[in-house]
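Naming convention: chains lettered A, B, ... in sequence-line order (proteins, then strands); numbering from 1 in each chain. Just so it is clear, the values below take in all heavy atoms, side chains as well, and ignore hydrogens, waters and symmetry mates.
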Amino acid sequence: MEKIITKDGSIAEVEGVEALHSLRHTASHIMAQAIKHLYGGADGKAVKLAIGPAIDTGFYYDIDMERKLTEEDFADIEAEMKKIVKQNLKLERSVLSREDALKKFADEGENYKVELITDLPADAEISLFTQGDFTDLCAGPHVESTGKVKAFKLMSLAGAYWRGDEHNKMLQRIYGTAFFTKDELKDYLTMLEEAARRDHRKLGKELDLFSLHDEGPGFPFFHPNGMVIQNELLNYWRQVHRRYRYNEIKTPIILNRKLWETSGHWDHYKENMYFTKIDEEDYAVKPMNCPGAALVYKTHTHSYKDLPLRLAEVGLVHRHEKSGVLHGLFRVRNFNQDDAHIFMTMDQVEGEIQKVIDLFDEVYKTFDLSYKAELSTRPENSMGSDEDWEKATSALQKALENRGLDYIVNEGDGAFYGPKIDFHLKDSIGRTWQCGTIQLDMQLPEKFDLTYVGEDGEKHRPIMVHRVVYGSIERFIGILIENYAGAFPVWFTPVQIKILPITDKHLEYSQKLCDKLFDLGFRVEVDDRSEKTGKKIRDAQVKKIPYMIVIGDKEIETGILPIRKYGSQNSVDMSVDDFISYVQEKIATRSSEY
RNA sequence: GCCGACUUAGCUCAAUUGGCAGAGCAACUGAUUUGUAAUCAGUAGGUUGUAGGUUCAAGUCCUAUAGUCGGCUCCA
């Protein structure tokens, strides 16, 4: 239990995340104080402070000053912070009137604080926290004194726009982390090192899954091992979608400008699209699959009896992403969406969305992934009537609530054509990435004049849903690499079985065994190098191959195979047939155990 | 796109104040015939991201540019 000074100024005893959050908030004040001391000049005005909150991984402070900080300054700042910690200064909360607060910060040249105060609601209490010679506008909470901050470390520097708006000035952001004890800090740093070992960019290279080249920034190249994963994921995807009664289509990558004008992308998505000319006419490379699906829909008249009509498509889309955002397989410029467009009546929306959520849940469970759902509502640059947005948003909300899913709401984060539910998955260091998404679209059926014939014999407008489970195959593979640290379940790992003959004498038998397993559909290889067994085992372990079989005189004589599983120190004996059915069972059940 | 850092052999990394571009692993060749996490020896591998500049001399300093990394913004 830790004592903290809460937002209303009272003292409370808290523990866990809440206590840590307070500690880190105080740490950010200590850092700001240290930076003021070191670089603020006599009156402190050379350093202007913006905001400095605690975050999940620690804290940061955004500052504005002429001097450009580098990581070499960290040692100085940390040393100054240590002094402040050692002084064990009490944090004291005070309240000022709006005028007094504005005057105080204006006098100090803290124009960002002035702006923050100005934007506080009229009835807000303006609280300050003071430690020694440093006072900051702050709602709290904080720990009682600077001496509590026993273990901290500055982590990185970054630029950050004031108020997150790219039209504003870019400030210098310093990230740090803090813990109550040195051991906790050490554990955290160790965890980060381990996470770096799971990084999909590193493992992608080591396991020879994919590569990225200067010749195509953001356009990943998949190697044979990576393609095994991709194809297995798609096989599984097709099985699931068959069961959920989807039909698959394929639409072209390059389509005429007119189509994109009809769909609204030409007006709303142009900055993310690539263009080309064919026979003097404008064409665009598709950033989404939906207009193609709309054209397929229109090739027939549809009865209400056809609905819901589920058209799946694994579509390769290209999007121009700003150069600074590319990130391994997580953020690329072309990717395969495991898309589907569902056409239905308004009455069917809620039930159909629930089916989609069921499908998502099933798929994520298969990969041992936990996810977080987010509902995004109407953005500013959007099309359609208030009423339609209202109806669509509440249908999504109801589906989420009926399924009992926890979700958060992102106001104004929807697509320009409708609200959406996003499913976020975590990478190795806890950053979340949007994978699955369910987007209601009231616009496209209108734009493309999509209709179905109702019971009444009249034409009606269907509702459309876009949805992806994996999101992008590329991103999903990245998530899987980090989730499994490269040790994939048998069913989609690139090489399932490695046969290790002890000497050349055992090569022939090994090769025969390999052929037999290969013909049964297993991904199996023989290590026929003239290396010692220990070396072959080591290499197979490093490549994270699920099953190793050492073949020597004994095995040839008895026909019993010693199976050594990945991560295990010893082997278990199995007959060839038992081993075959054992592995077949692991694959059939998509087990993540070996 | 913006802020900062980085870029040396296939990979991971060295190279003192500017002074002969190197190691381990991988690859290849040969020897070795090996029983559960690295056998030995040899060979080859480079316009130091790219383009300029400063200098007697540039991996090292300067400018531009590309890419990568950490963030911001944006997003599957």
Side-chain angles (χ1 to χ4, degrees), chain A residues 60 62 68-72 155-175 196 199 201-202 205-206 208 211-218 269 271-272 287-289 315 317 319-339 376 413 415 420 422-425 429 431 433-437 439 466-476 478-479 500-507 529-542 548-555 562-564 566-571:
Chain A
Y60 66 81
D62 285 350
K68 294 269 175 270
L69 286 174
T70 71
E71 299 202 356
E72 277 145 37
M155 304 298 287
S156 62
L157 278 171
Y161 299 108
W162 167 235
R163 304 208 134 170
D165 185 332
E166 63 179 324
H167 303 295
N168 288 341
K169 181 163 186 185
M170 180 154 275
L171 310 171
Q172 301 188 62
R173 175 174 295 180
I174 305 130
Y175 282 94
D199 190 305
R201 293 165 298 190
K202 183 174 151 61
K205 212 180 269 180
E206 286 172 6
D208 200 12
S211 56
L212 287 156
H213 303 267
D214 288 3
E215 289 82 350
Y269 209 72
E271 66 277 16
N272 284 302
M288 296 185 193
N289 301 305
V317 299
R319 297 183 184 175
H320 179 72
E321 300 293 346
K322 290 179 180 173
S323 59
V325 306
L326 302 177
H327 184 108
L329 291 182
F330 285 160
R331 194 67 186 279
V332 293
R333 283 180 171 155
N334 78 347
F335 54 98
N336 287 282
Q337 286 190 307
D338 61 314
D339 217 339
S376 295
D413 258 3
K420 58 177 183 169
D422 294 329
F423 294 78
H424 292 250
L425 305 176
I429 59 171
R431 286 180 296 211
W433 296 87
Q434 183 184 319
C435 288
T437 175
Q439 310 192 345
H466 319 243
R467 40 106 292 170
V468 287
V469 199
Y470 293 149
S472 109
I473 313 291
E474 290 77 359
R475 177 177 288 182
F476 198 76
I479 293 279
L500 316 178
I502 291 172
T503 76
D504 291 353
K505 269 197 309 193
H506 313 111
L507 251 178
R529 296 174 303 168
S530 121
E531 293 285 354
K532 293 169 96 168
T533 310
K535 167 76 167 168
K536 294 182 182 182
I537 287 176
R538 178 173 196 279
D539 287 350
Q541 287 283 356
V542 167
M548 280 177 280
I549 310 172
V550 174
I551 300 295
D553 289 342
K554 203 174 81 188
E555 287 67 35
I563 309 299
R564 176 164 163 167
Y566 175 75
S568 166
Q569 300 294 331
N570 40 41
S571 51

Using a 4.0 Å heavy-atom cut-off across all strands, classify [X] as base, sugar-phosphate, or nothing.
X	answer
D504(A)	base
H327(A)	sugar-phosphate
Q434(A)	sugar-phosphate
N570(A)	nothing
K205(A)	sugar-phosphate
G164(A)	sugar-phosphate
S156(A)	sugar-phosphate
G471(A)	sugar-phosphate
G315(A)	nothing
R431(A)	sugar-phosphate
V468(A)	nothing
S323(A)	base
L326(A)	sugar-phosphate
R319(A)	base

Considering only atom [atom1], compute the distance from [N] to [M] and round it to an integer number of Å.
N	M	atom1	answer
rA15(B)	rA27(B)	P	27 Å
rA37(B)	rG70(B)	C1'	34 Å
rG59(B)	rC2(B)	C1'	30 Å
rG22(B)	rG46(B)	C1'	11 Å
rG45(B)	rC11(B)	C1'	13 Å
rG53(B)	rC69(B)	C1'	28 Å
rC72(B)	rU63(B)	P	28 Å
rU17(B)	rA31(B)	P	48 Å

> Mind checking what makes side-chain hydrogen bond (donor to acceptor under 3.5 Å, both in side chains) contact with Q434(A), not counting sequence neighbours?
Replying inline: D422(A)
> If you measure from CD on E531(A) to CG on D539(A), what distance do you get to the nearest 0.5 Å?
Replying inline: 7.5 Å
> Any donor and acceptor pair, going by atom type alone, linking the side chain of K536(A) with main-chain N or O of P501(A) inside 3.5 Å?
Replying inline: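 At least one qualifying donor-acceptor pair exists.
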>> For a quick test of reading the model, state the closest non-hydrogen atom pair linking D338(A) to G471(A) and the distance between them.
In response: OD1-N, 2.9 Å
> Are the side chains of L329(A) and F476(A) in touch, meaning some heavy atoms are under 4.5 Å apart?
Replying inline: no
>> Can you list everything that forms a ring-ring contact (aromatic ring centres under 6.0 Å, His included) with H424(A)? Sequence neighbours excluded, please.
In response: none
> In chain order, what residues pass the ring-ring contact (aromatic ring centres under 6.0 Å, His included) check against Y161(A), with sequence neighbours excluded?
Replying inline: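 Y161(A) satisfies ring-ring contact (aromatic ring centres under 6.0 Å, His included) with no other residue.
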Side chain to side chain contact (heavy atoms under 4.5 Å, CB included) partners for [X], two or more places apart:
X	result
H213(A)	S211(A), E215(A), F221(A)
L157(A)	L69(A), E71(A), F74(A), I174(A)
R538(A)	V542(A)
N336(A)	Q230(A), V314(A), L316(A), I473(A), E474(A)

> Between R564(A) and L329(A), which is nearer to the 5' end of RNA chain B once each is assigned its nearest nucleotide?
Replying inline: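 Result: R564(A).
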> How do E474(A) and L212(A) order along RNA chain B: which one's closest nucleotide is nearer the 5' end?
Replying inline: L212(A)
>> For a 4.0 angstrom threshold against heavy atoms of chain A, report the outermost contacting nucleotides of RNA chain B in 5' to 3' order.
In response: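 It runs rG1(B) to rA76(B).
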> Hey, where does RNA chain B pair up into stems, meaning at least three consecutive Watson-Crick or G-U pairs with distances under 3.5 Å?
Replying inline: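 If one scans RNA chain B for consecutive Watson-Crick or G-U pairs, the stems found are B:1-7 with B:66-72, B:10-13 with B:22-25, B:27-31 with B:39-43, B:49-53 with B:61-65.
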